Amino acid sequence: MNLALPTQFQSQFVQEPDAFLKLFPNRVDFIYAEHPDPGDRPDWKTEGRHPLSDRLLQEGDRLYGVRFGKQTDYLMLDIDRGSLYHPHSDRLAIPRLLAALEPLGLVEAVVVTSSYSGGIHLYLPFQKAQETWAIAHVVSTLLANAGFKLKPGQLELFPNPKPFSKAPSLYAAHRLPLQAGSYLLNSDFQPIYGEQTTFVQCWQFAQQRNEIDQRTRKRVLQQAKRKRYKLSGKAEKFFNDLNTEVEAGWSGASQTNPLLGRIAMREYIFGHVQRGSEPLTGEALVDAICEVARALPGFDTYCSHRLDLEKRAMSYARSIQASHYYPFGSKQQVKTALLPESLEPPKSNWNQSQSQAARDRINNAIADLQQRHALPATITARRHAIRAYGIGNQTLDKYKELWHPNYLKPIQGGEYHPVDADSINPESQKPIQGGEYHPVDTNKLVPHPAAPLGQAERQKEVRGFGGFSTGIAVAADRRKSDRAAQHLAKMQMWSVSGDPILVAEAQQFFTAQVLQESVSLVSTDVVATEPTEICPSEGVVMPGGFGRAQPQRRVGKTALQEVRQLSVVPQQPVREPDVTLAMQAEVAAFFAQYQQEHPEETALAWSAGVYNPLAKVDLLAVGARFLKPEEEDWLALARLVGWLLVEDELDAIYFTAPPPDFALEQADWYVRPDLTTFLESPVLLRAVVQQYPMTEASLRAAINQKVTALGWQPGQLEQFIQELFEKPGTALGAGDWSLLLFELQLQKS
């Protein structure tokens, strides 16, 4: 079937009885270009004031192209002459491509040359019109599964897979077939003479053979692994602002730096959203910058860097990847080999510290409950007892081996002693499941588990068991050394941050340290603590580019010597041979100047969730607070019910400060809007917890999904509830549903 032109446009031009023109009914926001000189590219422009009429098309004094509407009854694949999928490179590529689409019901194509450039357009018409966004995502998924990469210059799909957005946005336009340089191709990809009538006959033949398999369509949509990004609010405005600056192209001289800067930013932040691919980095980002630049109007006329475009694109790619921007919807800033291997700031161990603090709280709570003979035997009662110490459900689930009867592990070097059950539960004479652990080599005077809260850890610090020695002096020296090392680390990080204020302060600090050699930050005999063993679950990558938590390394020289080395003989970044330092400095200076001159854009990027000026700060050094139990629980539940678009709830938050100052003293934990389904700008985590309480309906829906994934029969959930709460499901209260969901997460499917 063919789609009719929207009613509001039908009366705006005279419709001709032309079967070829009726194949392309969507005429709004069409593109046009003057016929180029031989060897030149068309200078395409968009016309949105009126639709493309039949008679304009028939006149043929210009080249024309059309876009897609909400529904379509055809697809088109574009393969450039230099593509690896072109018959000149691989004669079996197109047959393989069609084989990948055969399960969907697409088996016949109308093949034409795109223009004199030698590119190929494959038209795939089908009988029943489909939703444009859906068929685009299905076809792109099938092609990706077969190993085909949708990439400009290689293989492009029309309609292009678009991100979801509240406001309508345009699909990419394609030139119409059988214009200058476009000819029908036979099965050997050789041109044959054919007029529009022949094209229509081929189209109708292919349309009869191609029938979309709805089951396959639905299955591929459901199983598509690629994330469909949703642009709304500030993100969409930022994206459209970048598009406005980029798509106008060159209109005069001295515009290369601003344009390449905008192109690099758009492709790095939103390139994967447009292409439905992974975020663009490294060579892929460089290629995208060059591809977009060469296709823009005025490139051949006004761009004075056509010969060294690749080198400049590499410099812009390096700079944007080293900035405080990061790809929309990604977990953190993406770093590749293109980035200079300069002095890396010390990795943040905030994750490790929060993890250890959580484990300590659980251990102290267990020790206190055991000392008072008040540790319950049942799972739910034990969970509630430990939560009374200010520990959240999420923390308990993360470290279930410390308290959960079904997951308890013997303490290394310890001995298992069951607790007298009568003192805990008079109604039950059976020992507590999991029992109590008493280390064999405890303090002779005070049992380790029975020590006052916090004393157990101090006993470990002094490494002795005589009396009540706490090792305060050693701990104080260590804290002093740690503070000095943290301050030095912060100055090192500020020196490479790119922020003029932070760089100036760091330089002042280093200069003062070199001039005042008599002032030492730490004693020469102080050595950093040895690395401690970290559980795999604790080595988590923090969102916003915070990096992976790493153990401290042993330092073999003083902090002053570190300062001298950094200030006098700085390490040089690894240089790629194709990028000069002068060009890189020029690009970096451009980004810094542009950011200072356009603070409103920086604020908009922050509101979109793709800019964080505090992405590289040392969280411990700046005093970033630990999350509260209710915040941890909310984040975990929000992920389970689908409000957060992440696999790890910590990826949905970042430590940042609001514009325009981005002041460190105003920094706190925010929820990133681009990784949620309900926010349009960053919101303080503590505010989100208050404003968006977890609904019972959302919890029940998540519970049903988990039960289905476990493959449980209808009666198994009720039995599980009875064992867990000792009451039927109908008697569960408002707070029980979240607890049930947490417990279900512990079950193995």
Side-chain angles (χ1 to χ4, degrees), residues 352-462 465 468 470 532-538 626-630 632-633 636 723-726 735 738-739 742-743 745-746:
Q352 179 186 350
S353 298
Q354 164 142 321
S355 173
Q356 187 58 49
R359 298 174 68 90
D360 290 344
R361 291 199 304 272
I362 296 175
N363 286 330
N364 290 335
I366 292 290
D368 187 56
L369 288 169
Q370 288 178 333
Q371 184 181 18
R372 296 188 292 106
H373 298 287
L375 183 64
T378 62
I379 297 173
T380 305
R382 183 176 294 192
R383 183 189 286 267
H384 283 304
I386 301 174
R387 277 177 54 82
Y389 290 78
I391 301 171
N393 280 315
Q394 171 64 1
T395 300
L396 292 176
D397 281 357
K398 187 178 295 184
Y399 306 111
K400 54 187 177 291
E401 70 278 3
L402 299 178
W403 68 274
H404 198 292
N406 297 337
Y407 295 88
L408 280 170
K409 297 178 180 179
I411 295 177
Q412 187 174 5
E415 190 175 83
Y416 176 73
H417 297 288
V419 179
D420 181 9
D422 292 340
S423 64
I424 300 172
N425 186 359
E427 299 179 1
S428 175
Q429 298 300 319
K430 60 184 179 181
I432 293 178
Q433 186 178 5
E436 182 182 6
Y437 295 103
H438 293 289
V440 176
D441 52 352
T442 56
N443 188 310
K444 300 175 182 178
L445 300 180
V446 181
H448 186 94
L453 296 182
Q455 184 178 329
E457 291 303 316
R458 292 196 296 269
Q459 290 173 353
K460 295 178 183 177
E461 289 182 4
V462 298
F465 302 99
F468 288 92
T470 59
T532 57
E533 184 177 351
I534 304 174
C535 297
S537 61
E538 297 174 15
F626 291 155
L627 301 184
K628 297 179 180 179
E630 59 269 24
E632 291 185 345
D633 285 354
E723 294 174 354
L724 185 64
F725 297 100
E726 298 182 346
S738 59
L739 180 56
F742 278 120
E743 284 293 337
Q745 287 300 112
L746 300 179

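Residues: numbered from 1 along the sequence shown. Only a predicted model underlies this, so the values are computations on that prediction, with no experimental measurement involved.
Expressed to the nearest 0.5 Å, how far CG of Asn363 lies from CG of Asp368 amounts to 12.5 Å. In this structure, Leu724 CG and Thr378 OG1 are separated by 8.5 Å, a value rounded to the nearest 0.5 Å. Distance check: Arg361 CZ to Thr395 OG1 gives 6.0 Å after rounding to the nearest 0.5 Å. Taken to the nearest 0.5 Å, the CZ atom of Phe725 stands 10.5 Å off from the CD1 atom of Ile379. Between atom OG of residue Ser353 and atom CZ of residue Phe626 there is a gap of 5.0 Å, rounded to the nearest 0.5 Å. Annotation: the span from Ile391 atom CD1 to Tyr399 atom OH amounts to 11.5 Å, rounded to 0.5 Å.
Contact check for Leu402 versus Ile366: no side-chain heavy atoms found under the 4.5 Å cut-off. Using a 4.5 Å cut-off on side-chain heavy atoms (C-beta onward), Trp403 and Arg383 make contact. Counting heavy atoms from C-beta on, the side chains of Ile362 and Tyr389 never come closer than 4.5 Å. Side-chain contact between Arg359 and Glu401 is present, with at least one heavy-atom pair separated by less than 4.5 Å.
Nearest approach of Pro629 to Gly392, heavy atoms of both residues: CB-N, 3.4 Å. Here the shortest heavy-atom pairing between Leu739 and His384 reads CD2-NE2, 3.9 Å.
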Exercise. List the steps and the verdict of side chain to side chain contact (heavy atoms under 4.5 Å, CB included) for Phe742 and Leu396.
Key: CA-CA 9 Å; Phe742 278 120; Leu396 292 176; over 6 Å; no
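For the residue pair Gln394/Gln745, the side-chain donor-acceptor check at 3.5 Å is not satisfied.
The pair Lys400-Glu743 fails the salt-bridge criterion, with no side-chain N (NZ, NE, NH1 or NH2) lying under 4.0 Å from an Asp/Glu carboxylate O.
Under a 3.5 Å cut-off, the side chain of Asp633 and the backbone N or O of Asn393 do form a donor-acceptor pair.
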